[in-house]
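To start, the structure under review is shown below, and the notes come after it.
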There are 2 protein chains.
Amino acid sequence: MPVRVLLVDDEPLVRAGLRAVLEAQPDIEVVGEAADGAAVIPLVRQVRPDVVAMDVRMPLLDGIEATRALLRTVADPPKILVVTTFENDEYVYEALRAGADGFLLKRARPAEIVHAVRLIAEGESLLFPASVRRLAAEYGDGGGNRAARAELERARLTEREGEVLRLMARGLSNAEIAARLVVGTETVKSHVSAVLAKLGARDRTQAVITAYESGFVAPG
Amino acid sequence: MPVRVLLVDDEPLVRAGLRAVLEAQPDIEVVGEAADGAAVIPLVRQVRPDVVAMDVRMPLLDGIEATRALLRTVADPPKILVVTTFENDEYVYEALRAGADGFLLKRARPAEIVHAVRLIAEGESLLFPASVRRLAAEYGDGGGNRAARAELERARLTEREGEVLRLMARGLSNAEIAARLVVGTETVKSHVSAVLAKLGARDRTQAVITAYESGFVAPG
DNA sequence: GATCGTCTCCCCCGTGCGGGGGAGGCCCGC
DNA sequence: GCGGGCCTCCCCCGCACGGGGGAGACGATC
């Protein structure tokens, strides 16, 4: 059963782009589009999406208000992924406070977008470490942005988990990782499980794919 | 047991580069260096490497002659990976005809170098599809280069295997791939096994890593 | 002092994976 | 016609993997 996504953005171009990116995936299906927040609620009732990709800045009803309305009025509401053009958009944090499950920059790479949708669909209210890290880096250290930082904290792999993922991405087995880190295989299995859970991956292969797609490890 | 590699190149810089790249891998060990072909044979007898990374153009004894001499005089000779700066180097094909097991451009990416060493060590006399393909593309279609083309043929995945690898690289399980391609899971297993063998991968994770590292699939 | 997160290790358990075989049908080229 | 490559499917088998629990030790934080 594919992930059913509803696109909400006032720009047709953005909707088309998201549709192209998402429909290229075997496990994701775009079930509808809306051009403003006011159209969202009836549409959600009609098509029952798993995830709503929601722009923040829209005419009539913006993403924040639409999110609030959605969570207030719809039974068993879909997950909400807030999409924005501006990284330092205060509205994004408003939306997260309103109950959105994650946020994403429009200029994120396709794989990041896809990944975010999958994670959100699985009930993970997290953003991928790399994108958040980059986001955090853009803000610098001085800024406020406690929301972004908190998100980072929630999403981030621990140091050990990061080490394990890096070794997984070099093709090592659990036993080899254990030997490398001088710990037991059971310990490695624990870390691997944690990595899989945090990344929303089903197995180590998917985790390694995510590592590559996110830039956590780079080819070459 | 790591792969034991002997580096043979007249330029210290190249040796240092190869050493850095190869020793960064957990399963590869550089056991010696030689600056010219004449020093290779005694050194091979002494350190018994699994793989010799051999430059073609060297003073005293070039890579071709050194390869011939090595295969003629040493019992149980190591695998020979010919390394060259120039893609259209006629000497390379000479070396392959002399018995070398594969060839590699010096400007190949680290991952490709590492991969080539691993493959060669495992007795695969093949080069990775992507690098050979790129090589072939550089030559254009008009040129001769039967050697490169033959290498390409030997290394290349079949159409079906390529499809399977692409789906593996999207995180699909054998059962999911089977459903996608409308064949039995046993068929998929056959293709997966073929892919693993041709890529010198131990499991699907390593195959996916190779797919990314080689550019067979691209992130984003 | 209590709590929390991290790292470490342990148990059981099912199963997907990969190796090792083989085999039939198809098309192409020699 | 006959071989060879490719695609398809089948068998058996061992094991690494991953899920589900739990638990002790340590440090930081409250």
Side-chain angles (χ1 to χ4, degrees), chain A residues 122-124 126 129 146 149-211, chain B residues 27 118 122-124 126 129 146 149-211:
Chain A
E122 286 169 15
E124 300 285 346
L126 52 85
R146 279 148 285 119
R149 204 134 321 175
E151 201 66 42
L152 182 63
E153 280 311 308
R154 259 196 291 163
R156 185 150 104 225
L157 301 177
T158 68
E159 197 179 330
R160 206 53 159 170
E161 288 160 359
E163 282 184 87
V164 169
L165 178 55
R166 252 179 287 272
L167 293 175
M168 288 165 70
R170 281 166 67 179
L172 275 65
S173 67
N174 288 342
E176 287 167 341
I177 294 172
R180 201 106 211 292
L181 299 181
V182 200
V183 296
T185 56
E186 296 298 330
T187 301
V188 174
K189 286 178 64 176
S190 293
H191 293 313
V192 169
S193 291
V195 169
L196 297 186
K198 289 188 180 180
L199 264 50
R202 185 177 51 195
D203 51 45
R204 68 200 300 107
T205 302
Q206 287 190 350
V208 169
I209 291 169
T210 301
Chain B
D27 57 337
R118 287 204 188 104
E122 285 169 15
E124 301 284 346
L126 54 83
R146 278 150 285 119
R149 204 134 321 176
E151 200 65 44
L152 181 65
E153 280 311 309
R154 260 196 291 162
R156 185 150 103 226
L157 302 176
T158 67
E159 196 178 329
R160 207 53 160 170
E161 287 160 1
E163 283 184 87
V164 169
L165 178 55
R166 252 180 286 274
L167 293 174
M168 286 165 70
R170 280 165 71 176
L172 275 65
S173 67
N174 287 341
E176 287 167 341
I177 294 172
R180 202 107 209 289
L181 299 180
V182 200
V183 296
T185 56
E186 295 298 329
T187 301
V188 173
K189 286 178 65 176
S190 293
H191 292 314
V192 169
S193 291
V195 169
L196 298 186
K198 288 188 181 179
L199 266 50
R202 187 177 52 195
D203 51 45
R204 68 200 301 107
T205 303
Q206 288 191 350
V208 169
I209 291 169
T210 300

Q) How is A/Ser193 classified with respect to the nucleic acid when contacts are heavy atoms under 4.0 Å: base, sugar-phosphate, or nothing? A) sugar-phosphate
Q. Is any side-chain nitrogen or oxygen of A/Asn174 closer than 4.0 Å to OP1 or OP2 of D/dC17?
A. yes
Q: Name the residue closer to the 5' end of DNA chain D, choosing between A/Leu196 and B/Thr187 according to the nucleotide with the nearest heavy atom.
A: B/Thr187
Q) Taking side chain as C-beta onward, heavy atoms only, is B/Leu167 less than 4.5 Å from B/Leu181? A) yes
Q.
I'd like to know if the side chain of B/Arg170 and the backbone of A/Ile209 have a donor-acceptor N/O pair within less than 3.5 Å.
A. no
Q. Once you round it to whole Å, what is the distance between P of C/dG18 and CD1 of B/Ile177?
A. 10 Å
(Q) Counting only side-chain heavy atoms from C-beta out, which of C/dT8, D/dT8, C/dC17 sits nearest to A/Val183? (A) C/dT8
Q.
With a 4.0 Å limit, can you tell me whether A/Thr158 has a side-chain N or O closer than that to the phosphate oxygens OP1/OP2 of C/dC7?
A. yes
Q.
What contact category does B/Ser173 fall into here, base, sugar-phosphate, or nothing, at under 4.0 angstrom with non-hydrogen atoms?
A. sugar-phosphate
(Q) Could you work out how much the helix from C/dG1-D/dC30 to C/dG24-D/dC7 bends, comparing the axis of its first five pairs with that of its last five, to 10°? (A) 50°
Q: Check A/Leu172 against A/Arg204 and note the closest heavy-atom contact, atom names and distance.
A: O-NH2, 3.0 Å
Q | A/Leu172 CG to D/dA16 P, straight-line distance once rounded to whole Å | A | 15 Å
Q. Rounded to whole angstroms, how far apart are CD on B/Gln206 and P on D/dA16?
A. 14 Å
Q. Just how far, in rounded Å, is C1' of D/dG5 from CZ of B/Arg160?
A. 16 Å
Q | Distance test, side-chain N/O of A/Arg204 to OP1/OP2 of D/dG18, below 4.0 Å | A | yes
(Q) If I take atom CG in residue B/Asp203 and atom P in nucleotide D/dG18, what distance separates them, rounded to the nearest angstrom? (A) 10 Å
Q. Looking only at N and O atoms, is any donor in the side chain of A/Ser190 or the base of C/dC9 less than 3.5 Å from an acceptor on the other one?
A. yes
Q. What heavy-atom pair brings B/Ile177 and B/Met168 nearest, and what distance separates the two atoms?
A. CD1-CG, 3.8 Å
Q. Quick one: B/Glu186 CD to C/dG20 P, roughly how many Å, whole number?
A. 16 Å
(Q) On the nucleotide C/dT8, are OP1 or OP2 found under 4.0 Å from the side-chain N or O atoms that A/His191 carries? (A) yes
**Q.** Any side-chain heavy-atom pair of B/Val183 and B/Arg160 under 4.5 Å
**A.** yes
**Q.** Cationic N near anionic O, under 4.0 Å, B/Arg166 to B/Glu163
**A.** no
Q: Round to a whole Å and report the spacing from CG of B/Leu181 to P of D/dT8.
A: 8 Å
Q. If you look at every heavy atom in B/Thr185 and B/Ala175, which pair is closest and at what distance?
A. CG2-CA, 4.0 Å
Q. Could you state the CD-P distance from A/Glu163 to C/dC7, rounded to the nearest angstrom?
A. 9 Å
